[in-house]
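Numbering starts at 1 and runs along the sequence shown.
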Amino acid sequence: VNLHSAAGSNAVPIWYDVPADERKKLSLFTGAYPDGSSAGHKNHADLNKDCSTRSLNKEAVAAAEKASIDWVKRLMDSATIVPWAELKAYNIQNDMVLKRFLVNLDATFLTSSSIVLNHFDGGQPAKFVFSADRSLTKEKAQAGIALSSTIAQYSLNVGQSGNTFGLPTPYWAGHKGYRITRDLAAGLMHNGKKYTAPPR
């Protein structure tokens, strides 16, 4: 986003829009995180486009949306064994049990925790979810109440006798069973050293 905006380009291309020989010439990097962890490199705080008040946020969102759609299409083309038509036809509105978990609990948890931690739209948000009068104090207070209520319900679910894996809701299964973050990180580099997954 920074490179193409500096060059005066309106549309930011995604990875596969750029010919392979040109991609090899690009000097691409992310901001160091946590800030200050990599001497001589720009920090995440300098480069991120994470909220609507950040420079180039709109362009970054458009590029990320386009890249996400492209990635899903490539995944569908390569994994033909998956019943994609069936998955695409699924509508959460017709599944009242799972809808209660996803909409009432998980969506509330993600939104309210993001607001409380200043991750939803930054510390000076342009978007408000809970406060109609756009008061940041009220927004955070109401998000805190919603978060507490959600965590209380999660605690009840975790303690249910039939809940073998102690999941807050069914959608947490990936975190419990597949260790997604750790497995995806296996073999990657962090601060110049190869990451090794800890023993299970």
Side-chain angles (χ1 to χ4, degrees), residues 1-2 4-5 10-12 14 30-38 41-69 71-72 90-160 163 165-182 184-185:
V1 175
N2 288 43
H4 284 83
S5 298
N10 291 329
V12 178
I14 62 173
T30 62
Y33 189 87
D35 292 342
S37 62
S38 185
H41 292 276
K42 288 193 175 182
N43 292 321
H44 173 75
D46 301 320
L47 295 178
N48 83 78
K49 317 285 185 279
D50 295 345
C51 57
S52 60
T53 55
R54 297 283 303 189
S55 174
L56 302 175
N57 168 266
K58 184 178 177 183
E59 294 83 352
V61 168
E65 183 178 79
K66 184 178 175 185
S68 297
I69 292 168
W71 181 82
V72 170
Y90 175 75
N91 186 341
I92 190 70
Q93 302 302 330
N94 301 328
D95 193 333
M96 296 312 292
V97 174
L98 288 181
K99 179 182 176 183
R100 185 183 71 81
F101 287 122
L102 183 63
V103 176
N104 295 3
L105 290 176
D106 293 329
T108 302
F109 173 78
L110 291 170
T111 303
S112 60
S113 62
S114 294
I115 291 169
V116 168
L117 296 171
N118 289 333
H119 287 298
F120 184 74
D121 192 33
Q124 298 296 323
K127 303 171 187 175
F128 287 79
V129 176
F130 295 101
S131 175
D133 62 359
R134 301 175 62 80
S135 162
L136 187 56
T137 303
K138 288 181 183 176
E139 177 82 349
K140 292 190 88 164
Q142 291 169 345
I145 293 168
L147 180 59
S148 295
S149 175
T150 303
I151 290 173
Q153 184 60 55
Y154 275 173
S155 298
L156 290 174
N157 290 348
V158 167
Q160 291 292 323
N163 189 349
F165 299 104
L167 299 174
T169 73
Y171 296 98
W172 287 72
H175 298 284
K176 193 77 173 182
Y178 299 103
R179 302 173 175 89
I180 293 172
T181 306
R182 186 171 68 185
L184 285 177

Discussion item. Classify the ring geometry of Tyr154 against Phe109: parallel below 30°, tilted from 30° to 60°, perpendicular beyond 60°.
Written reply: tilted
Nearest heavy-atom pair of [X] and [Y]: which atoms, and what distance?
X: Lys127; Y: Ser52; result: CE-CB, 4.4 Å
X: Val158; Y: Gly166; result: CG2-O, 3.6 Å
X: Ser135; Y: Ser131; result: N-OG, 3.0 Å
X: Leu98; Y: Pro170; result: CD2-CG, 3.8 Å
X: Gly122; Y: Cys51; result: N-CB, 3.6 Å
X: Ile92; Y: Lys99; result: O-CB, 3.5 Å

Donor-acceptor under 3.5 Å ([X] side chain, [Y] main chain):
X: Asn118; Y: Gly123; value: no
X: Ser149; Y: Ile145; value: no
X: Asn43; Y: Gly36; value: yes

Worksheet item: Taking atom OG of Ser112 and atom CD1 of Ile151, what is their separation to the nearest 0.5 Å?
Response: 7.5 Å
Practice prompt. Mind checking the CG-CG spacing from Leu56 to Asn48? Nearest 0.5 Å is all I need.
Written response: 11.0 Å
Is there a side-chain contact between [X] and [Y] (heavy atoms, below 4.5 Å)?
X: Leu105; Y: Tyr171; value: no
X: Val129; Y: Glu139; value: yes
X: Val72; Y: Ile69; value: no
X: Gln142; Y: Ile115; value: no
X: Lys49; Y: Asn2; value: yes
X: Thr150; Y: Asn104; value: no
X: Leu147; Y: Ser113; value: yes
X: Tyr33; Y: Leu47; value: no

Worksheet item: So, His119 and Asp50: side-chain donor and acceptor under 3.5 Å apart, yes or no?
Response: no
Practice prompt. For Asn163, enumerate each residue passing the side-chain hydrogen bond (donor to acceptor under 3.5 Å, both in side chains) test, keeping only those at least two apart in sequence or located in another chain.
Written response: none
Worksheet entry | Test side-chain hydrogen bond (donor to acceptor under 3.5 Å, both in side chains) applied to Thr169 - qualifying residues, sequence neighbours left out | Asp106
Item to complete: Kindly write out the residues that satisfy salt bridge (charged side-chain N to carboxylate O under 4.0 Å, His left out) with Lys138, not counting sequence neighbours, or none if the list is empty.
Response: Asp133
Discussion item. Working note: Trp172 + Phe101, criterion ring pair (Phe, Tyr, Trp, His ring centres under 6.0 Å); need CA distance, chi angles, decisive distance, verdict.
Written reply: CA-CA 10 Å; Trp172 287 72; Phe101 287 122; over 10 Å; no
Worksheet item: Step by step, would you call Asp121 with Phe128 a side chain to side chain contact (heavy atoms under 4.5 Å, CB included)?
Response: CA-CA 9 Å; Asp121 192 33; Phe128 287 79; over 6 Å; no
